[in-house]
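Structure first, commentary second.
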Protein chains: 2
Amino acid sequence: MKKVNSDVAYDYIRKRILSGEYPPGHALMTEELSGVIGVSRTPVREALHKLKADGLVSIRARLGASVKKMDVKEFREMCDMRLALEGHATALAALNHSQADLREIRFALDGMRGLTERLIAAEEESPLLDELVREDVRFHIAIMTAAKNDLMKGEILRLHLVNRIVFGPVNPTSGVPVSRGTKPERDENRRRVLASHDEIYDAIARGDAIAAKRAMEDHIQDIIEKGLRIMAHSGAGLITRELTDEELVYNG
Amino acid sequence: MKKVNSDVAYDYIRKRILSGEYPPGHALMTEELSGVIGVSRTPVREALHKLKADGLVSIRARLGASVKKMDVKEFREMCDMRLALEGHATALAALNHSQADLREIRFALDGMRGLTERLIAAEEESPLLDELVREDVRFHIAIMTAAKNDLMKGEILRLHLVNRIVFGPVNPTSGVPVSRGTKPERDENRRRVLASHDEIYDAIARGDAIAAKRAMEDHIQDIIEKGLRIMAHSGAGLITRELTDEELVYNG
DNA sequence: GGAAATGCACTTGTATACAGATTTGCAAGC
DNA sequence: GCTTGCAAATCTGTATACAAGTGCATTTCC
């Protein structure tokens, strides 16, 4: 599949949204972007519409596009949806996983364990944090892969990405959220995350769909609460109103 | 919100896909469509991309767009996702519903009951069928509304629409799927659907989230099996091979 | 001085022209 | 007969010009 200009524009803009270079609310004007990216307005327009479908950008007719701002209501809704999907997918993973899937999940888990221990021991975190986040993502992706449902996997990954808008600002080069709270708090949080992951892995490994689902739901609930706390404290326009005037008619 | 030309093109094409006028696999060429709709290629292109995001159209770079064809694998995945979302949303509806929500659900349910009885009694169905389908949709929408999660509601309705591609062909004017099977079979099926809906409503009304969820999951499971049977029999490029009876029994 | 009106700058939405890719039809070669 | 190569036809992707809507600032009027 050949890469066309609209894909170039899409990748360019998306990267900058996820890295935090374009913060929530930032205006995305087609002419400006087309100049920077080096393509015409048409593919830029297309890229913006695709990003809107991803949930990273909001577009209002004749008023232009901007990086999505999420309010608390929408964040809760998104998390609730993620809870439903990822919980179900985890149950499927417990039933459908192959041995290779299981190995991949455990690799990610072991990687996280090592990094977490080193992070707790260390004073300076930054180089290890990127790796930890990468392994965390790897863990979740491995489970979604084991569930053997590409559609759900895609949708869940999409939600993960949109979630990152809330957890910003992030390290511009790595895309990893900057640390929050005191070190003991962060250490405690990391231990809890690891314990959750252990529980999820064990349940999947022994094929216990119900326990796996519950463990994943608890884990996501933790993440939700963390997100809500961040939104409450950082504010910075995140909690302001947000109108999605998308009225889809659902009948013929 | 002003209606722009790309919206006109979107509505035009979408309507024809859902009505079956553009069947699965039908090529959607920008120039031809722009001529018929009376706008230029640019808004048509945009509309096609939006329909792709909806899951109704597939686009391959430089090869053009066509109405989405669904294979069995994708259909199962979609249904499984719907199961997860709609089950969860039903549980939420049991917890979050207002009295007005409950009334709206019961109105739809009562409407369906009356229509079902008249349909079973009648010989000629066509005028009543449209109404029955409308009330069925109304029932499901009312529950999603009661769940108080607009994001999930939107996603579920999207999946409902994509589902309709499988249940085609439909009555061109009303968009209602044409009847299948013998009359006793259809009557039996309608009674079962109604009983399912009753069960779902009762559980929601008494705030029993677990029972509501389970009832909705069973109901959707029924729909899934019906869809798989239709796919197996209608074929028409939808499936590559004949299904075994085992495959017809859907179990995630 | 403040509110309404008006004009301007800017941006989006749309039409259209053009370049490149893909398919199709046909003829030549094995 | 079937494949292979080539060229025309066709369609997509992109650039660009133009029209129309929106917000802002200045002006005008009370």
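Chain identifiers are assigned alphabetically (A, B, ...) following the order of the sequence lines, protein sequences preceding nucleic acid strands; residue numbering begins at 1 within each chain.
- Considering CD1 of B:I220 and CG of B:N163, their distance stands at 9.5 Å, rounded to 0.5 Å.
- Atom C1' of nucleotide D:dT12 and atom NZ of B:K52 are separated by 14 Å, given to the nearest angstrom.
- Rounded to a whole Å, the CD1 atom of A:I59 is 10 Å from the P atom of C:dT12.
- Residues A:D54 and A:Y10 have side chains in contact (heavy-atom distance under 4.5 Å, counting atoms from C-beta outward).
- In this structure, B:Y10 atom OH and C:dG13 atom P are separated by 17 Å, rounded to whole Å.
- The side chain to side chain donor-acceptor pair (under 3.5 Å) test applied to A:D222 returns A:R192, not counting sequence neighbours.
- Residue pairs meeting the side chain to side chain donor-acceptor pair (under 3.5 Å) criterion with at least one member in residues 30-44 of chain B, sequence neighbours excluded, are B:T30-B:R41.
- Heavy-atom distances to DNA chain D give each of A:R62 and B:L28 a nearest nucleotide, and the one nearer the 5′ end belongs to B:L28.
- At least one side-chain heavy atom of A:Y22 sits less than 4.5 Å from a side-chain heavy atom of A:L33.
- Straight-line distance from the CZ atom of A:R60 to the P atom of D:dG21: 18 Å, rounded to whole Å.
- Residues A:L63 and A:S6 both approach DNA chain D. Their nearest nucleotides, taken by heavy-atom distance, put A:S6 toward the 5′ side.
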Exercise answer: donor-acceptor pairs, residues 95-102 of chain B side-chain atoms, under 3.5 Å, sequence neighbours excluded:
| from | atom 1 | to | atom 2 | distance (Å) |
| --- | --- | --- | --- | --- |
| B:N96 | ND2 | B:A147 | O | 3.3 |
| B:H97 | ND1 | B:A93 | O | 2.9 |
| B:H97 | ND1 | B:A94 | O | 3.3 |
| B:S98 | OG | B:A100 | N | 3.4 |
| B:S98 | OG | B:D101 | N | 3.1 |
| B:S98 | OG | B:D101 | OD2 | 3.0 |
| B:D101 | OD2 | B:S98 | N | 2.9 |
| B:D101 | OD2 | B:K148 | NZ | 2.4 |

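- Between the axis at the start and the axis at the end of the helix from C:dG1-D:dC30 to C:dC30-D:dG1 there is an angle of 10°, using five pairs per end and rounding to 10 degrees.
- Interface residues of residues 30-50 of chain A facing DNA chain C, ordered by number: A:T30, A:R41, A:R45; criterion, heavy-atom separation under 4.0 Å.
- Between A:E155 and A:M81, some side-chain heavy-atom pair lies under the 4.5 Å cut-off.
- B:H140 is linked by a side chain to side chain donor-acceptor pair (under 3.5 Å) to B:E86, B:H219, counting only residues two or more places apart in sequence or in another chain.
- Taking atom NZ on B:K3 and atom C1' on D:dG21, their separation rounds to 18 Å, with Å as the unit.
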